[in-house]
Asker: 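I'd like to ask you about the structure that follows.
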Amino acid sequence: MVKITLKDGSVKEYPKSTTVEEIVASIGSRLLKAALAAKINGKVVDLFTPVMEDSSLEVLTFEDDDGKWALRHTGSHILAQAVKRLYPDAKLAIGPAIDTGFYYDIDSDKPFSEADLAAIEKEMENIVKEDLKLERFELPRNEALDMVSRLGEIYKVELINDLPEDAVISFYKQGEFVDLCAGPHAPSTGKVKAFKLLNAAGAYWRGSEKNKMLQRIYGTAFIKKNQLEEYLNMLEEAKRRDHRKLGKELDLFSLHEEGPGFPFFHPKGMIIRNELENFWRDIHRKHGYKEIKTPIILNEDLWHQSGHWDHYKDNMYFTTIDEKNYAVKPMNCPGGILIYKSAMYSYRDLPLRMGELGLVHRHELSGALHGLMRVRNFTQDDAHLYLTPEQIKEEVLGVISLTDHIYKLFGFKYRVELSTRPENSMGSDEDWENATDALRDALEAANLPYKINEGDGAFYGPKIDFHLEDSIGRTWQCGTIQLDFQMPEKFDLTYVGADGEKHRPVMIHRTIFGSIERFIGILIENYAGAFPVWLAPVQVIILPVSEKQKEYAEKLNKQLEDLSIRAESDLRSEKVGYKIREAQLQKIPYMLVVGDKEMEAGTVSVRDRKEGDKGIMKFEEFLSRIKYEIENKISK
RNA sequence: GCUGGAGUGGCUCAGCCGGUAGAGCAGAGCAUUCGUAAUGCUCAGGUCGUGGGUUCAAGUCCCAUCUCCAGCUCCA
């Protein structure tokens, strides 16, 4: 007999090699129905696993991440099985579960069209109906290789060959289909009732552009049909929030063939930009930053000296002036450094914080361009801090807290990553280690959860990255804090210490918005175009009921403008309903409906874009309310 | 850059098996002066991303190219 300790602390006894499934069945039929996998002594296993010793047992359902992943992983196997049934020549690569569902990479001569996906989905439904039991078996390496080569699965051969010597090589079988897989899986294909294939796209084998491009089919799976519906609705909703669509509808910006990746900002988009920049300047001044501006085009020699030529040339644009070679700046640091070098500094001057809203140009791959999120020219809200080595931690912490403060103002959730030394980089291992440790210390001190992003640092130093989410949960790097011992060396930067000797400062490169363009993209999607009043391109629109109130409307408009509130009046001879509809679609925060009643009483009938009709109030009262909202940057 | 898909008036979209472009919205004009998400009528507007080719005839077929979309790669 073995003793099984359940999550609630109760202990039950079962004959040895009773399967998890049988144990779960003895607990309750509802739990059995919901169970997808289990944890025995903390290790995730299949339900058909026999229990051989005294253990703790935790049943995993779709509510648990591991249970969810098991179900979706089974979804990917069903997908592969369906593909093999329909296209026996297709070769299978990898097919994992992911946050939003699952995918399978397949090598097939025939590209999968929408119609093919529908056919595959149909076959998957059959497999679900067949309710095939999943079985697991292990093979010694040579037998495993033998089996996958007999099946002609060349990618699986490669995968097995790359497994470490001591790895257990396991397979999962459902009906006629067998796949190399570590598991765990749902107990049978019948569990995957609520699934859908979403799209097909290319993906390189093993993620390297040197390898063959395979076809990746994405799908998702849930335990209940209504969860799937909900998810699909969420995707639809996200499409409505897409900043590219809203940018056009709200007349904020545009992109043209004449300048791929070079966004054009329209008057309304410029208002948001300028408000953000004003806010940025204000808060940075308060945090001890000076502002500078450096040229966009600088002599090529500078870029040789900075190391960009060796490490960043492929992303740069070049030009010639008077037969001399120049580069368009992809970063602001070398220009900023020239300003630093134009004076002498005492240790008393440090930390020196110099901010720059700098327009940079980078050659991004054409296929990577994406609305405002990834462009070829963008304005970084950059700053370079020059410090003594002792000041590193405090300054990094200062930047972290400023970043947190600003993101919170917008109500953004964010994720933090620590990116370490990349392959193509400069400097000694010791410098890199010190810099990376310093950033890690700061993160620990700030008590920020973070993930390590191996080899993703800048070529001159490691960095802390802040990622923000767009409407469908894709994340984009915005803020970054980079610690740099290299540029001060390359440019022979110095300050005079208390000892009267010259010393080498350390540099921090940092951004908070990251790029104004990308940040605006994130703002649009997060607010679904309904910006808080302080950012809204038009803050108030006055809607006279008829032309009789035209003058009253103009008077109110003028008063608003005198207070620097962005107001418009809709004086067209349209019905109020029509004017409201347009203002509503433009997501204007406040509509002031004025008719004879209001005109005579000096009042306005206020309509809030979210809450609807707020009733009549004195115009002055409305003024003080909106002023309060603007001044305090209220988002609601 | 790679794989797949798309590109028709300012916007959103229709156009079957090739026979010389349709609608709604927006715009302009006229009428209407109207109380919380679309008043009516009239008019104007495209040669179908670009360049070649096949054909008596191409938005529709073929080739090239540009841009966009999804994903991969890359990144603020």
Side-chain angles (χ1 to χ4, degrees), chain A residues 103 105 111-114 116 198-218 239 242 244-245 248-249 251 254-261 314-315 330-332 358 360 362-382 419 453 456 458 463 465-468 472 474 476-480 482 509-519 521-522 543-550 572-585 591-598 605-609 612-615:
Chain A
Y103 66 80
D105 283 350
F112 296 126
S113 64
E114 294 255 331
D116 297 327
L198 298 171
N199 58 330
Y204 297 109
W205 166 236
R206 305 207 133 174
S208 166
E209 56 188 324
K210 295 191 185 79
N211 293 337
K212 181 166 183 183
M213 180 153 288
L214 311 174
Q215 296 189 68
R216 175 172 298 178
I217 299 178
Y218 282 92
K239 274 190 207 150
D242 191 312
R244 292 166 299 187
K245 183 173 151 62
K248 201 181 278 180
E249 287 171 4
D251 198 19
S254 57
L255 288 155
H256 303 270
E257 279 196 24
E258 289 81 353
D314 292 346
N315 284 297
M331 296 188 194
N332 301 302
V360 297
R362 297 183 184 176
H363 181 77
E364 296 295 335
L365 293 178
S366 59
L369 302 178
H370 183 94
L372 291 182
M373 300 296 199
R374 187 174 289 108
V375 292
R376 283 179 173 162
N377 81 346
F378 55 97
T379 302
Q380 288 186 309
D381 64 319
D382 215 341
S419 297
N453 197 351
D456 210 36
K463 53 181 190 161
D465 292 325
F466 295 80
H467 294 253
L468 296 177
I472 57 172
R474 285 182 292 214
W476 300 89
Q477 189 190 314
C478 288
T480 183
Q482 313 177 345
H509 310 235
R510 48 113 282 182
T511 66
I512 293 179
F513 295 150
S515 107
I516 308 269
E517 290 75 4
R518 177 176 287 182
F519 198 78
I522 300 270
L543 310 176
V545 174
S546 79
E547 277 176 24
K548 279 184 285 177
Q549 300 87 26
K550 180 167 176 261
R572 294 172 304 174
S573 61
E574 295 288 350
K575 292 186 177 180
V576 225
Y578 181 82
K579 295 182 185 179
I580 286 174
R581 178 183 156 79
E582 285 209 338
Q584 196 74 45
L585 291 175
M591 290 158 248
L592 301 181
V593 179
V594 293
D596 285 339
K597 272 186 295 180
E598 290 80 4
S605 173
V606 179
R607 185 187 165 95
D608 180 296
R609 73 181 157 201
D613 195 349
K614 305 282 281 180

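Nothing here was measured: the structure is a model prediction, and the numbers come from that model. Here is how names work: the chains are called A, B, and so on, in the same order as the sequence lines, proteins then strands, and each is numbered from 1.
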Asker: Would you say the base of B:U3 and the side-chain of A:Gln215 have a donor-acceptor pair closer than 3.5 Å?
Answerer: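 Side chain to base: no pair present.
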Asker: With a 3.5 angstrom cut-off on both distances, give the Watson-Crick or G-U wobble partner of B:A37, or none if there isn't one.
Answerer: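 With both distances under 3.5 Å required, B:A37 matches none.
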Asker: Can you give me the N/O atom pairs linking the protein to nucleotides 62-66 of chain B at distances under 3.5 Å, or say none if there are none?
Answerer:
none

Asker: Is the phosphate of B:C69 approached by A:Arg244 (side-chain N or O, under 4.0 Å from OP1 or OP2)?
Answerer: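 Yes, such a contact exists.
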Asker: Please give me the minimum heavy-atom distance between A:His363 and A:Asp314, naming the atom from each residue.
Answerer: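 Nearest heavy atoms, A:His363 then A:Asp314: CB-O, 4.0 Å.
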Asker: If you look at every heavy atom in A:Arg510 and A:Asp381, which pair is closest and at what distance?
Answerer: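 Shortest heavy-atom separation between A:Arg510 and A:Asp381 comes out as NH2-O, 3.1 Å.
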Asker: Can you work out whether A:Gly612 or A:Phe112 has the more 5'-proximal nearest nucleotide on RNA chain B?
Answerer: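 That would be A:Phe112.
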Asker: What's the gap between B:G15 and B:U60 when it is taken at their C1' atoms, as a whole Å value?
Answerer: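 Nearest-Å result for B:G15 against B:U60 at atom C1': 9 Å.
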Asker: Separation of A:Ile580 atom CD1 from B:A37 atom P, in whole Å?
Answerer: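 After rounding, the reported distance stands at 6 Å.
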Asker: For A:Arg518 versus A:Cys478, what's the shortest heavy-atom pair and its separation?
Answerer: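 Looking at all heavy atoms of both residues, the closest pair is CD-SG, 3.9 Å.
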Asker: Would you kindly give the NE2-to-P distance between A:His256 and B:U50, to the nearest whole Å?
Answerer: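 From A:His256 NE2 to B:U50 P: 17 Å.
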Asker: Contact class for A:Gly577 vs. all strands (heavy atom < 4.0 Å): base, sugar-phosphate, or nothing?
Answerer: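 If one applies the 4.0 Å heavy-atom cut-off, A:Gly577 turns out to touch the sugar-phosphate alone, with no base involved.
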Asker: Watson-Crick or G-U wobble partner for B:C68, using a 3.5 Å limit on both distances?
Answerer: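 B:C68 is paired with B:G5.
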Asker: So, taking the atom named OH in A:Tyr204 and the one named NZ in A:Lys212, what distance separates them when rounded to the nearest 0.5 Å?
Answerer: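 The OH atom of A:Tyr204 sits 13.5 Å away from the NZ atom of A:Lys212.
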Asker: Heavy atoms under 4.0 Å, any strand shown: does A:Leu255 hit a base, just sugar-phosphate, or nothing?
Answerer: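 Nothing: the residue A:Leu255, judged by heavy atoms under 4.0 Å, touches no strand.
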Asker: Counting C-beta onward and ignoring hydrogens, is there a side-chain heavy-atom pair between A:Leu468 and A:Phe519 closer than 4.5 Å?
Answerer: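 Yes, side chains in contact.
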Asker: Distance check, P atoms only: B:C30 and B:U47, in whole angstrom units.
Answerer: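 It comes out at 28 Å once rounded to the nearest Å.
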Asker: Check whether any side-chain N or O of A:Lys579 sits under 3.5 Å from a backbone N or O of A:Arg572 as a donor-acceptor pair, and report yes or no.
Answerer: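 Looks like yes, one N/O pair under 3.5 Å.
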Asker: Got a sec, which residues hit side chain to side chain donor-acceptor pair (under 3.5 Å) with A:Asn315, two or more places apart in sequence or on another chain?
Answerer: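 A:Asn315 satisfies side chain to side chain donor-acceptor pair (under 3.5 Å) with no residue once adjacent residues are dropped.
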Asker: Give me the distance, rounded to whole Å, that separates B:C63 from B:G27 when you measure between the C1' atoms they each carry.
Answerer: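 These two C1' atoms come out 39 Å apart once rounded.
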Asker: Rounded to the nearest 0.5 Å, how far does CG of A:Asp382 lie from NE2 of A:His509?
Answerer: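 Those atoms lie 8.5 Å apart.
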Asker: Quick one: does A:Arg474's side chain get under 4.5 Å of A:His370's, heavy atoms only?
Answerer: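 Yes, at least one pair of side-chain atoms sits under 4.5 Å.
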Asker: What integer number of Å spans the C1' atoms of B:A26 and B:A38?
Answerer: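 After rounding to an integer number of Å, I get 12 Å for this pair.
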Asker: Heavy atoms under 4.0 Å, any strand shown: does A:Glu598 hit a base, just sugar-phosphate, or nothing?
Answerer: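 Answer is base: heavy atoms of A:Glu598 come under 4.0 Å of a base.
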Asker: In whole angstrom, give me the gap between the P atoms of B:C16 and B:G7.
Answerer: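 That atom pair is separated by 12 Å.
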Asker: Determine whether A:Glu364 and A:Val375 make a side-chain contact, defined as any pair of heavy atoms from C-beta on separated by less than 4.5 Å.
Answerer: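 They are not in side-chain contact.
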Asker: Give the rounded distance in Å between these two atoms: CG of A:Leu198 and C1' of B:G4.
Answerer: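 It is 16 Å, rounded to the nearest whole Å.
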Asker: What distance separates A:Phe112 CZ from A:Ile217 CD1, expressed to the nearest 0.5 Å?
Answerer: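 So the CZ of A:Phe112 and the CD1 of A:Ile217 are separated by 4.5 Å.
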Asker: Determine the interatomic distance between C1' on B:C11 and the same-named atom on B:G35; round to the nearest Å.
Answerer: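 Approximately 30 Å lies between the C1' atom of B:C11 and that of B:G35.
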Asker: Across nucleotides 71-76 of chain B, 5' to 3', mark each nucleotide with B, S or - according to how protein heavy atoms within less than 4.0 Å reach it.
Answerer: BBBBBB
Asker: In whole angstrom, give the distance that lies between atom NZ of A:Lys575 and atom P of B:U32.
Answerer: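 That distance rounds to 14 Å.
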Asker: Rounded to the nearest 0.5 Å, what separates atom CG in A:Asn377 from atom CD in A:Glu517?
Answerer: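 It is 6.5 Å, given to the nearest 0.5 Å.
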Asker: Provide the distance between the two C1' atoms, one in B:A6 and one in B:C48, to the nearest whole Å.
Answerer: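 It comes out at 14 Å once rounded to the nearest Å.
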Asker: Below 4.0 angstrom from OP1 or OP2 of B:C2, is there any side-chain N or O of A:Lys210?
Answerer: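 For B:C2, neither OP1 nor OP2 has a side-chain N or O of A:Lys210 closer than 4.0 Å.
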Asker: Using purine N1 to pyrimidine N3 plus N6-O4 or O6-N4 for Watson-Crick, or N1-O2 and O6-N3 for G-U wobble, both under 3.5 Å, which nucleotide pairs with B:U32?
Answerer: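 Matched B:U32 with nothing under the 3.5 Å cut-off.
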Asker: Any strand is fair game: report the nucleotide pairing with B:C74 by Watson-Crick or G-U wobble, both distances under 3.5 Å, or none.
Answerer: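 Paired with no nucleotide.
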Asker: Any N/O pairs under 3.5 Å between the protein and nucleotides 9-12 of chain B? List them or say none.
Answerer:
| unit_1 | atom_1 | unit_2 | atom_2 | d |
| --- | --- | --- | --- | --- |
| B:U12 | OP1 | A:Lys248 | NZ | 3.3 |

Asker: Provide the Watson-Crick or G-U wobble partner of B:C16, both distances under 3.5 Å; none if there is no partner.
Answerer: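 Base-paired to nothing in any strand shown.
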Asker: Provide, to the nearest angstrom, the distance between the CZ atom belonging to A:Arg581 and the P atom belonging to B:G35.
Answerer: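 My rounded result for the distance is 19 Å.
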Asker: Report yes if some heavy atom in the side chain of A:Arg244 is under 4.5 Å from a heavy atom in the side chain of A:Met373; otherwise report no.
Answerer: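 A:Arg244 vs A:Met373: side chains apart.
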Asker: Within this structure, what is the NZ-to-P distance between A:Lys579 and B:U33, rounded to whole angstrom?
Answerer: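 After rounding, the gap between these two atoms is 14 Å.
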Asker: What does the B/S/- profile of nucleotides 26-31 of chain B look like, 5' to 3', with a 4.0 Å heavy-atom cutoff to protein?
Answerer: SS----
Asker: Can you tell me how far C1' in B:C61 sits from the matching atom in B:G71, rounded to whole Å?
Answerer: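 It comes out at 30 Å once rounded to the nearest Å.
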Asker: For B:G46, which nucleotide is its Watson-Crick or G-U wobble mate, given both distances must be under 3.5 Å?
Answerer: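 For B:G46, the partner nucleotide comes out as none, under the 3.5 Å rule.
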Asker: With heavy-atom distances below 4.5 Å as the criterion, would you say the side chains of A:Arg216 and A:Asn199 are in contact?
Answerer: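 Not touching, per the 4.5 Å side-chain cut-off.
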Asker: For A:Asp465, which residues count as a salt bridge (charged side-chain N to carboxylate O under 4.0 Å, His left out) partner, sequence neighbours excluded?
Answerer: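 A:Lys463.
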Asker: What is the base-pairing partner of B:C25, counting Watson-Crick and G-U wobble geometry with both distances under 3.5 Å?
Answerer: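 B:G10 is the nucleotide pairing with B:C25.
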